[in-house]
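Following: one structure in structure tokens, then a few remarks.
We use all heavy atoms of the structure for the numbers below, so side chains are in, but hydrogens, waters and symmetry mates are not. Throughout, protein chains are lettered first and strands after them, A, B, ... in sequence-line order, and every chain is numbered starting at 1.
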Amino acid sequence: MKRRTIRKWFWVWEFDQEEKWFNDMAKRGWVLDSVGFAKYTFVQSEPGEYTVRLEMLAHTPASAEGQDYIDFIEETGAEYIGNVMQWAYFRKKREAGEFDLFSDTDSRIRHMERIIKTLEIIALSNLLIGMANMRFAGLGLINIACAALLGYACMKIRQKKDALTKERALHE
Amino acid sequence: MAESIALTEAVYFILLTLTKPLHGYGIMQLTEQLSAGRVRLAAGTLYGALNTLCDKCWIRELPVQAGSRKKEYVITDAGREVLQNELTRLKQLVTAGEEMLK
């Protein structure tokens, strides 16, 4: 089976675009088969054979809770592809039915809150480490730059979340 | 105490389907069937809802049978009461709607 590996970078707030890219690739006959850091491997498949979804899990995939969740998703006919940190990737054959991880606004909002919370913790620890390292000049600045970037990511995701929250006010 | 807040469609259907023991995928399929294809529960959403409903004791997890990884769930008496109250509320909505739109 033909394989190809593509190196591509997505910012953390671009998870929608990332997912869309996988599904565009799947439509063209390349389905995601394994994931690494900014590195994606695809295998040849029938065009449109698969739907691909990704999600930031509440627990690491290696933990009992994470495994319990992955088992549950697999029971519904999907296949776990792999993970990068807490991001899990799944695919399902279209003939096995529609595939979505979320079907209501509430759970989409909760997913985004989970992402924001995780990023905030990393941002805060970078900020603290950065401040502690300030006396080594450049070193601390790197951490502070990371903290700023993560803060920006939180803001971008919060905007998406707010848009959804407004929508929910109309459709319970 | 009786719950007076409206249930989401997802919760309503999950409780309905669990009047008999079912596993996750069974809940998804039966919901689709009962709603004539209109309501689809996505796996991640369903997982979260099942955990919340277990915490509220409206449903409970059944002991996993040997040789199977599939967890089954079933409604509790408290869950049945919630469902009954919701049905009364829904009937009231329908009656009011029909009367005013005559």
Geometric donor-acceptor pairs, no angle filter, chain A-chain B, under 3.5 Å:
{"from": "D68(A)", "atom 1": "OD1", "to": "K71(B)", "atom 2": "NZ", "distance (Å)": "2.8"}
{"from": "D68(A)", "atom 1": "OD2", "to": "Y47(B)", "atom 2": "OH", "distance (Å)": "2.7"}
{"from": "D68(A)", "atom 1": "OD2", "to": "K71(B)", "atom 2": "NZ", "distance (Å)": "3.1"}
{"from": "D71(A)", "atom 1": "OD1", "to": "R69(B)", "atom 2": "NH1", "distance (Å)": "3.3"}
{"from": "E98(A)", "atom 1": "OE2", "to": "R40(B)", "atom 2": "NH1", "distance (Å)": "2.8"}
{"from": "L101(A)", "atom 1": "O", "to": "G44(B)", "atom 2": "N", "distance (Å)": "2.9"}
{"from": "L101(A)", "atom 1": "O", "to": "T45(B)", "atom 2": "N", "distance (Å)": "2.9"}
{"from": "S103(A)", "atom 1": "N", "to": "T45(B)", "atom 2": "OG1", "distance (Å)": "2.8"}
{"from": "S103(A)", "atom 1": "OG", "to": "R40(B)", "atom 2": "O", "distance (Å)": "3.4"}
{"from": "S103(A)", "atom 1": "OG", "to": "A42(B)", "atom 2": "N", "distance (Å)": "2.8"}
{"from": "S107(A)", "atom 1": "OG", "to": "T45(B)", "atom 2": "OG1", "distance (Å)": "2.7"}

**Message:** If hydrophobic clusters are built from ILVMFWY residues whose side chains come within less than 4.5 Å, do V31(A) and M25(A) share one?
**Reply:** yes
**Prompt:** Taking a hydrophobic cluster as the set of Ile, Leu, Val, Met, Phe, Trp and Tyr residues connected by side-chain heavy atoms closer than 4.5 Å, whether directly or through intermediates, do F37(A) and L57(A) fall within one such cluster?
**Reply:** no
K20(A) meets the salt bridge (Lys or Arg N to Asp or Glu O under 4.0 Å) criterion, sequence neighbours left out, with D24(A)
- [ ] May I ask whether Y40(A) and M85(A) are part of the same hydrophobic cluster, defined by side-chain heavy atoms of I, L, V, M, F, W, Y residues being less than 4.5 angstrom apart, directly or through others?
- [x] yes
| message | Please tell me whether M56(A) and L101(A) are part of a single hydrophobic cluster in this structure, the criterion being side-chain heavy atoms less than 4.5 Å apart. | response | no
**OP:** Flag yes if I70(A) and M28(B) sit in one hydrophobic cluster, no otherwise; membership is Ile, Leu, Val, Met, Phe, Trp, Tyr, and two members link when side-chain heavy atoms are under 4.5 Å apart.
**Re:** yes
Honestly, the part of F72(A) sitting under 4.5 Å from a heavy atom of chain B is side chain
